[in-house]
Amino acid sequence: MRGLIITIALLLCACTPSGNRYIIEGSTSKADGEFYYLYSGYDVVDSAEITSGRYRFEGVVDSLIPMRNIGSTNLIDLYAMTRFTPVILEAGTITVAEDDNSPTGGLVVGGTEGNNALRQFVIKGIALQEQGKNAFSSEERVAINNAYDELVDKTIRRNLSNFTSVYLLTLSGNRYTAEQKEKFISRLSPAMRQTKAAVELKRSLQTTKID
C-alpha cells in the first residue's frame, strides 16, 4: 500500500505544471498603472500592470506556439507604432529590461537558454550587417555573407533543444536545401519537433516533394 501511495504521489507531481511554467519579470521606467502586453501577431493575449517600475507575466508553456512578442503599446486601443520584441515562452524566469540602444526592439530579453541565444544571435547578426554597410569590395561582402551563414548554422546546431533553432530554421528561406532542413528537423528535441513552426515546415517540405 505504501508503495502504491508513493507511486501515485510521483504521478501527481509529474502532472503538475510547475515545472513547465514561464515567468516574465520586467523592469521599466513607465508609470505605475500602465501596462505591458504579450502579442500573438497583432492580437493581445495577456497584459501586466506596472507597479513600482515592475511587471510580471506567468503562464504554462505552450509547446505548439512558444514564440510571442512583447511591447508596451496596446494596438487595440492606440493606433500607434510600437516596437515588438520577440520572447520565447520557455520554462524558467525570463527577464525583460528596457534599453533604447538595444538592437532587439528597445527591450533586452534574457534569463533562459532560448532567449539568451536569440539575443546573442541578433547582436552578432546586426554587427555583421553593419560591417556589410562599410564593405567596399565584393570579396569583403562575400566574406561577411559567409560569416552570417556560419552564424546561422552554429546557432541552430547549438539550440536544437529550444525554439531558437526552429525560429531561425523557419526564417532561413532558401538558405538550406530540403534535405538539409529535414536533417535539422530530425535532430530537434521531441518538444521542438512538436512546435507549430516545425510541423508546418516539415509539411511544406513534404508538399514540395509531392509537387
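Atom set for the values below is all heavy atoms of this structure, side chains included, hydrogens, waters and symmetry mates excluded. Fair warning: this is a prediction, and the values are worked out from it, not measured in the lab. Numbering of residues begins at 1 and proceeds along the displayed sequence.
Between the CD1 atom of Ile185 and the CG atom of Leu160 there is a distance of 11.5 Å, given to the nearest 0.5 Å. Interatomic distance, Arg141 CZ to Gln131 CD, rounded to the nearest 0.5 Å: 14.0 Å. One finds the OG atom of Ser29 at 9.0 Å from the CD atom of Glu34 (value rounded to the nearest 0.5 Å). Separating the CG atom in Asn146 from the CG atom in Leu128 is a distance of 11.0 Å, to the nearest 0.5 Å. Atoms CG and OG1, from Leu107 and Thr85 in turn, are 4.0 Å apart once rounded to the nearest 0.5 Å.
Looking at Glu98 and Lys30, their side chains come closer than 4.5 Å, going by heavy atoms from C-beta outward. Annotation: side chain of Val152 is not in contact with side chain of Leu169 (no heavy-atom distance under 4.5 Å). Counting only heavy atoms from C-beta outward, the side chains of Ile24 and Val96 approach each other to under 4.5 Å. Residues Lys181 and Leu201 form a side-chain contact, since some pair of their non-hydrogen atoms from C-beta on lies under 4.5 Å apart. With contacts defined as side-chain heavy-atom distances shorter than 4.5 Å, the pair Thr177/Gln180 qualifies. Side-chain contact between Tyr42 and Asn69: absent, with no pair of heavy atoms (C-beta onward) separated by less than 4.5 Å.
Residues Glu179 and Lys183 are not paired through a salt bridge, judged by the lack of any N-O separation under 4.0 Å between the basic side chain and the carboxylate. Note on Arg56 versus Glu58: salt bridge recorded, some NZ/NE/NH1/NH2 to OD/OE distance being below 4.0 Å. At a threshold of 4.0 Å, the pair Glu200-Arg203 does not count as salt-bridged, since none of the basic side-chain nitrogens sits closer than that to a carboxylate oxygen.
Atom CZ of Arg158 is surrounded by 12 or fewer heavy atoms from other residues, nucleotides or ligands within 6.0 Å.
Considering every non-hydrogen atom in both Tyr55 and Tyr36, the closest pair reads CE2-CD1, 3.4 Å. In terms of heavy-atom proximity, Arg68 sits nearest to Val45 at NE-CG2, 3.8 Å. Between Met67 and Val87 the shortest heavy-atom distance is SD-O, 3.6 Å. Closest approach of Arg54 to Ser27, counting heavy atoms only: NH1-CB, 3.7 Å. In plain terms, the two heavy atoms of Val44 and Tyr37 that are nearest each other are CG1-CD2, 3.8 Å. Considering every non-hydrogen atom in both Ala197 and Thr170, the closest pair reads CB-OG1, 3.7 Å.
A donor-acceptor pair is defined here as one N or O able to donate and one able to accept, closer than 3.5 Å; no such pair exists between the side chain of Ser40 and the backbone of Asp43. Panel note: side chain Ser165, backbone Asn162; a donor-acceptor pair is recorded below 3.5 Å. For Asn20 (side chain) and Val60 (main-chain N/O), no donor-acceptor pair under 3.5 Å exists by modelled atom type. Judged by distance alone, with hydrogens and angles left aside, the side-chain atoms of Ser63 form no donor-acceptor pair with the main-chain N or O of Ala191 at under 3.5 Å. No donor-acceptor distance shorter than 3.5 angstrom exists from the side chain of Glu130 to the backbone of Ala127, with no hydrogens or angles considered. Judged by distance alone, with hydrogens and angles left aside, the side-chain atoms of Thr155 form no donor-acceptor pair with the main-chain N or O of Phe121 at under 3.5 Å.
The aromatic rings of Phe184 and Tyr176 sit perpendicular to each other, their planes meeting at more than 60°, with 30° as the lower class boundary.
In terms of hydrophobic clustering, with Ile, Leu, Val, Met, Phe, Trp and Tyr side chains grouped at heavy-atom distances under 4.5 Å, Ile94 and Ile23 are assigned to different clusters. Cluster membership for Val199 and Leu188, using ILVMFWY side-chain heavy atoms within less than 4.5 angstrom, is not shared. A chain of hydrophobic side-chain contacts below 4.5 Å, direct or via other Ile, Leu, Val, Met, Phe, Trp or Tyr residues, connects Leu171 to Tyr148. Connection of Leu151 to Val166 is established within a shared hydrophobic cluster, with ILVMFWY side chains joined at heavy-atom distances below 4.5 Å, either directly or through further cluster members.
Checking Leu118, Thr95, Ile88, Asn115 one by one against Val109, the side chain to side chain contact (heavy atoms under 4.5 Å, CB included) holds for a single residue, Asn115.
Using modelled atom types and a 3.5 Å distance limit, the side chains of Glu90 and Thr112 yield a donor-acceptor pair.
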